[in-house]
Amino acid sequence: MALSSWSAGYGALSTILEVRRGGDPLDAVLVLDGIHCGWLEQDPHHLNDRQLASFAGAARSAASREILFSITHTEIEPPGYASAAATAEYLLGTAREVGAPVRSAPTLAAPEHLALRAAQGAVSKRLEKHLEPTADRSAGALHVRGFRGNTPEHHMSHLLQMGATVLPELARRWR
């Protein structure tokens with residue numbers, strides 16, 4: 001079983017990860033531009049790690065290759081809470097803590113731009129954005145890819161292009 005979310009859907013995914021019990025068939029978590037959290041009240045430069053606990057557990061499981069955990073993010077800096085890029089960096093740090101080395105891809109290839117019939121009209125052709133990679137890092141089966149952009153259209157492209165980013169990884173794992 002794989003669970004996925006885009007944007008604010010991370011909230012439901014966080015709850016599912018928090019309440020799951022051993023023995024369930026979860027094998028993959030796919031998150032598209034959407035893990036956020038608040039900042040600590042006593043130290044507004046540090047993420048509220050309690051809000052990320054369920055994702056940190058998934059990151060540790062992925063670091064040891066028990067599950068696949070694939071994350072994409074934009075460069076959007078939302079006001080008042082941590083960005084998807086900042087939380088992804090935190091989760092890579094969690095993987096380091098359990099001894100998984102973090103590797104960076106030497107070359108950053110842009111994923112193929114898929115023209116999905118079902119997505120026609122979701123974003124105006126003139127505003128449609130292609131994914132331009134900025135970072136590609138992994139620790140075990142935790143995979144984090146960053147992409148340029150800070151507009152709503154960049155954000156939407158993560159959902160529209162999941163067939164070229166996170167789904168091929170899932171297909172390889174399940175083969």
Side-chain angles (χ1 to χ4, degrees), residues 1-20 26 28-63 67-98 100 102 104 108 111 119 122-123 127-167 169-170:
M1 174 174 61
L3 298 174
S4 68
S5 68
W6 169 71
S7 194
Y10 79 92
L13 186 54
S14 174
T15 300
I16 292 167
L17 292 172
E18 188 175 308
V19 299
R20 68 185 280 250
L26 181 63
V29 177
L30 313 172
V31 181
L32 306 159
D33 200 26
I35 299 176
H36 299 285
C37 72
W39 302 99
L40 289 178
E41 190 173 309
Q42 64 274 22
D43 187 353
H45 296 101
H46 284 88
L47 302 175
N48 186 331
D49 55 353
R50 285 188 323 263
Q51 294 175 345
L52 294 174
S54 61
F55 290 111
R60 284 189 289 276
S61 294
I67 66 169
L68 168 66
F69 190 0
S70 188
I71 301 169
T72 69
H73 65 79
T74 58
E75 298 171 317
I76 295 171
E77 291 289 337
Y81 54 95
S83 68
T87 60
E89 188 62 38
Y90 173 86
L91 295 172
L92 282 167
T94 300
R96 278 188 204 98
E97 290 172 8
V98 297
V102 175
S104 294
L108 301 176
V123 176
L127 294 175
E128 191 174 331
K129 304 295 182 195
H130 290 243
L131 294 172
E132 298 176 47
T134 59
D136 187 345
R137 296 181 294 162
S138 60
L142 171 62
H143 196 177
V144 174
R145 278 163 297 190
F147 296 94
R148 291 202 193 298
N150 59 7
T151 68
E153 294 80 19
H154 288 106
H155 179 58
M156 185 72 162
S157 68
H158 286 254
L159 177 61
L160 297 175
Q161 296 301 308
M162 72 184 286
T165 57
V166 298
L167 291 181
E169 282 183 304
L170 183 62

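This chain uses plain numbering: 1 for the first residue, then up along the sequence. Being a predicted model, the structure only gives us computed values, none of them experimental.
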From [atom1] ([X]) to [atom2] ([Y]), nearest 0.5 Å:
X	Y	atom1	atom2	answer
Thr15	Tyr10	OG1	OH	10.0 Å
Leu160	Glu153	CG	CD	11.0 Å
Met1	Ile67	CE	CD1	10.5 Å
Leu13	Ser4	CG	OG	8.0 Å
Phe69	Arg60	CZ	CZ	11.0 Å
Leu26	Arg20	CG	CZ	4.5 Å

Any side-chain heavy-atom pair of [X] and [Y] under 4.5 Å:
X	Y	result
Ser14	Phe55	yes
Leu47	Leu52	yes
Cys37	Thr87	yes
Thr72	Val31	no
Leu91	Ile35	yes
Leu30	Leu3	no
Leu68	Val29	no

Donor-acceptor pair, side chain of [X] and main chain of [Y], under 3.5 angstrom:
X	Y	answer
Trp6	His155	yes
Arg145	Thr165	yes
Thr134	Arg148	no
His73	Asp33	no
Glu169	Ser70	no
Ser7	Gly9	no

Original post:
Which pair of non-hydrogen atoms, one from Ala63 and one from Ala95, has the smallest distance, and what is that distance?
Top reply: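 Where Ala63 meets Ala95 most closely, the heavy atoms are CB-CB, 3.8 Å.
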
**OP:** Identify the heavy atoms of Leu108 and Ala135 that sit nearest to each other, and give their distance.
**Re:**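 Looking at all heavy atoms of both residues, the shortest contact is CD1-N, 3.8 Å.
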
Subject >> Sequence neighbours excluded - salt bridge (Lys or Arg N to Asp or Glu O under 4.0 Å) pairs with any residue from residues 36-45 >> reply: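 Those involving residues 36-45 do not exist here.
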
Original post:
Checking side chain to side chain contact (heavy atoms under 4.5 Å, CB included) for the pair Tyr90/Asp49: CA distance, chi angles, key distance, verdict?
Top reply: CA-CA 9 Å; Tyr90 173 86; Asp49 55 353; 3.1 Å; yes

**OP:** Just jot down the side-chain hydrogen bond (donor to acceptor under 3.5 Å, both in side chains) partners of Ser83, sequence neighbours excluded, or say none.
**Re:**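 Per chain and number, Ser83 pairs via side-chain hydrogen bond (donor to acceptor under 3.5 Å, both in side chains) with no residue.
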
Original post:
Can a donor-acceptor pair be found between the side chains of Asp136 and His143 at a distance below 3.5 Å?
Top reply: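 Yes, a side-chain donor-acceptor pair sits under 3.5 Å.
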
Subject >> By salt bridge (charged side-chain N to carboxylate O under 4.0 Å, His left out) - contacts of Arg137 (at least two apart) >> reply: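 Listed in chain order: Glu89.
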
Subject >> Ring center gap for Phe147 and His154 short of 6.0 angstrom >> reply: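 No, ring centres 6.0 Å or more apart.
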
